[in-house]
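Everything on this sheet refers to the single structure shown next.
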Amino acid sequence: MAAWRQAMELAIGEEDLAALGVIARSRSEPARRVERARMLLAYRDYPSFFATGQAIGVHHQTVRRCIERALAYGAIAALDDLPRPGREPTITAEAKAWVVNLACRKAKELGYPHELWTTRLLARHVREHGPAEGHTCLGLLAQGTLCNILNEQEIKPHKVRYYLERRDPEFKAKMAEVLCVYREVKLIKETAAAANQEPSDAVAIVSYDEKPSIQALATTAPDLPPEPGVHATFARDHEYKRHGTVSLLAGIDLLSGQVHALVRDRHRSREFIEFLKLIDAAYPAHTAIRLILDNHSAHISKETKAWLAEQPVGRFEFTFTPKHGSWLNLVEGFFSKLTRSVLRHIRVTSKQELKDRIMAAMDEFNRHPVVHSWSYKLDRAA
């Protein structure tokens with residue numbers, strides 16, 4: 001007659017017991033770890049393979065193996081599978097190195113019309129050319145195995161990650177110049193706050209840029225409003241009609257938060273000069289107007305320089321951001337806010353309506369002005 005199975009005494013420390021309780025209640029841990037943690041806790045309360053198996057919903061032999069692992073390796077280690085010897089790898093290290101080197105080249109360099117590899121294309125190329133290169137083990141390479149080889153080296157030859165090359169040799173010097181202007185803004189604000197008064201009108205510092213190609217799109221059918229319990233959102237026909245594009249020329253006063261803006265069809269030198277005339281009329285004659293802007297051709301054109309030459313000395317002063325340094329311009333944050341709040345999902349019946357609604361948005365912003373501040377690396381400014 002078969003002998004009765006003897007219960008095994010399982011001792012679990014307080015620290016491991018707390019960890020098992022967390023894992024047993026987890027919704028993010030792998031299911032097998034959660035199940036085994038529950039087995040150990042249930043067996044600790046009532047040491048019976050059959051009772052634990054019935055409570056958890058597994059075979060009693062499964063419970064026994066889990067308890068044996070816990071006794072041999074510890075309660076936490078028992079939650080994971082034991083390492084298995086497995087089959088000896090058939091793909092050599094040299095073959096893997098050849099595959100990785102191949103993946104680091106472009107597909108077009110090897111005569112394919114593709115710019116980059118797809119894993120299917122790369123696997124086929126490896127199967128066709130690997131044996132000829134002395135790697136016979138690659139003759140039956142599967143696409144999944146190829147992905148495993150690439151993942152080991154963290155290579156993703158089918159993807160592109162964009163970067164921005166720093167092409168301005170004076171990038172740091174120009175960045176420091178912009179940061180010095182922001183530091184001056186901070187000092188003016190702190191001085192005014194200490195004196196409990198508004199900043200002096202001796203200087204106005206304006207962050208300026210253009211937002212081109214704002215599309216005037218019209219619906220081809222009326223939008224359908226939400227219906228409680230039926231449709232949660234507005235419904236809109238996929239088709240739309242184009243009425244052209246407009247450009248927003250805007251500058252934000254960094255001391256007052258006031259927005260100066262124009263909406264025009266284009267943003268050439270004549271439109272930029274029109275904006276300069278706008279802010280020239282917005283400030284007293286004794287105010288020095290300092291603009292932070294990029295090196296757009298309209299900002300440094302002959303027409304712009306000729307108009308500036310006619311203005312009083314010291315009236316306008318430009319501080320240019322470095323090439324590929326538009327992120328240094330605070331007005332970009334304002335444009336982001338405008339895009340996310342006003343221009344998002346906007347539909348109009350004409351280009352003029354788009355212009356009117358953008359200018360109405362400027363009036364709304366000016367009713368509740370927000371003073372933009374720069375703090376990143378400001379303490380390093382000279």
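Reckoned from all heavy atoms, side chains included, excluding hydrogens, waters and symmetry mates.
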* Do side-chain atoms of Ser207 reach the backbone of Ile252 as a donor and acceptor pair under 3.5 angstrom? -> no
* To do: Please check if atom CD in Gln197 has more than 12 non-hydrogen atoms from other residues, nucleotides or ligands closer than 6.0 Å.
  => yes
* To do: Indicate whether the side chain of His299 and that of Asp294 have a donor and an acceptor atom separated by less than 3.5 Å.
  => yes
* To do: Using the test side chain to side chain donor-acceptor pair (under 3.5 Å), find all partners of Tyr208 that sit at least two apart in sequence or belong to another chain.
  => Glu210
Please table the atom pairs, donor to acceptor, closer than 3.5 Å between any side-chain atom in residues 121-135 and protein atoms at least two apart or in another chain.
{"residue": "His125", "atom": "ND1", "partner": "Tyr112", "partner atom": "OH", "Å": "2.7"}
{"residue": "His125", "atom": "ND1", "partner": "His129", "partner atom": "ND1", "Å": "3.4"}
{"residue": "Arg127", "atom": "NH1", "partner": "Leu141", "partner atom": "O", "Å": "2.9"}
{"residue": "His129", "atom": "ND1", "partner": "His125", "partner atom": "O", "Å": "3.1"}

* Asked: For the residue pair Phe275 and Phe272, does the interplanar ring angle fall in the parallel (under 30°), tilted (30 to 60°) or perpendicular (over 60°) class?
  -> parallel
* Asked: Does Arg270 reach the main-chain N or O of Glu303 with its side chain, forming a donor-acceptor pair under 3.5 Å?
  -> no
* By the rule that ILVMFWY residues connect when side-chain heavy atoms come within less than 4.5 angstrom, directly or transitively, which residues belong alongside Tyr240? -> Leu217
* Identify which one of Tyr43, Phe49, Phe50 satisfies the ring pair (Phe, Tyr, Trp, His ring centres under 6.0 Å) criterion when paired with His60. => Phe50
* Asked: Would a distance-only check, ignoring hydrogens and angles, find a side-chain to backbone donor-acceptor pair under 3.5 Å from Arg357 to Arg347?
  -> yes
* Apply the side-chain hydrogen bond (donor to acceptor under 3.5 Å, both in side chains) test between Ser247 and each candidate in Arg268, Arg264, His267; give the one that qualifies. => His267
* Asked: Considering only heavy atoms from C-beta outward, does the side chain of Trp117 approach that of Leu150 to under 4.5 Å?
  -> no
* Asp209 versus His296, side-chain donor and acceptor atoms under 3.5 Å -> no
* Structure fact -> Residue set satisfying side-chain contact (heavy atoms from CB on, under 4.5 Å) with Arg25, at least two apart, ordered chain then number -> Val22
* Between Gln352 and Asp356: side-chain donor-acceptor atoms closer than 3.5 Å -> yes
* To do: Look at the rings of Phe334 and Phe365 and say which category their plane angle falls in: under 30° parallel, 30 to 60° tilted, over 60° perpendicular.
  => perpendicular
* Result of checking Arg36, Arg65, Arg69 against Asp81 for salt bridge (Lys or Arg N to Asp or Glu O under 4.0 Å) -> Arg36
N/O donor to acceptor pairs below 3.5 angstrom from side-chain atoms of residues 90-111, sequence neighbours left out:
{"residue": "Thr92", "atom": "OG1", "partner": "Ala95", "partner atom": "N", "Å": "3.1"}
{"residue": "Lys106", "atom": "NZ", "partner": "Glu115", "partner atom": "OE2", "Å": "2.9"}

* For His372, ring pair (Phe, Tyr, Trp, His ring centres under 6.0 Å) partners two or more places apart -> none
* Asked: Do the non-hydrogen side-chain atoms of Val63 and Val58 ever get within less than 4.5 Å of each other?
  -> yes
* **Atom CG of Leu308 with >12 non-hydrogen neighbours under 6.0 angstrom** => yes
* Would you mind reporting whether Val371 and Asp253 have side-chain heavy atoms less than 4.5 Å apart? => no
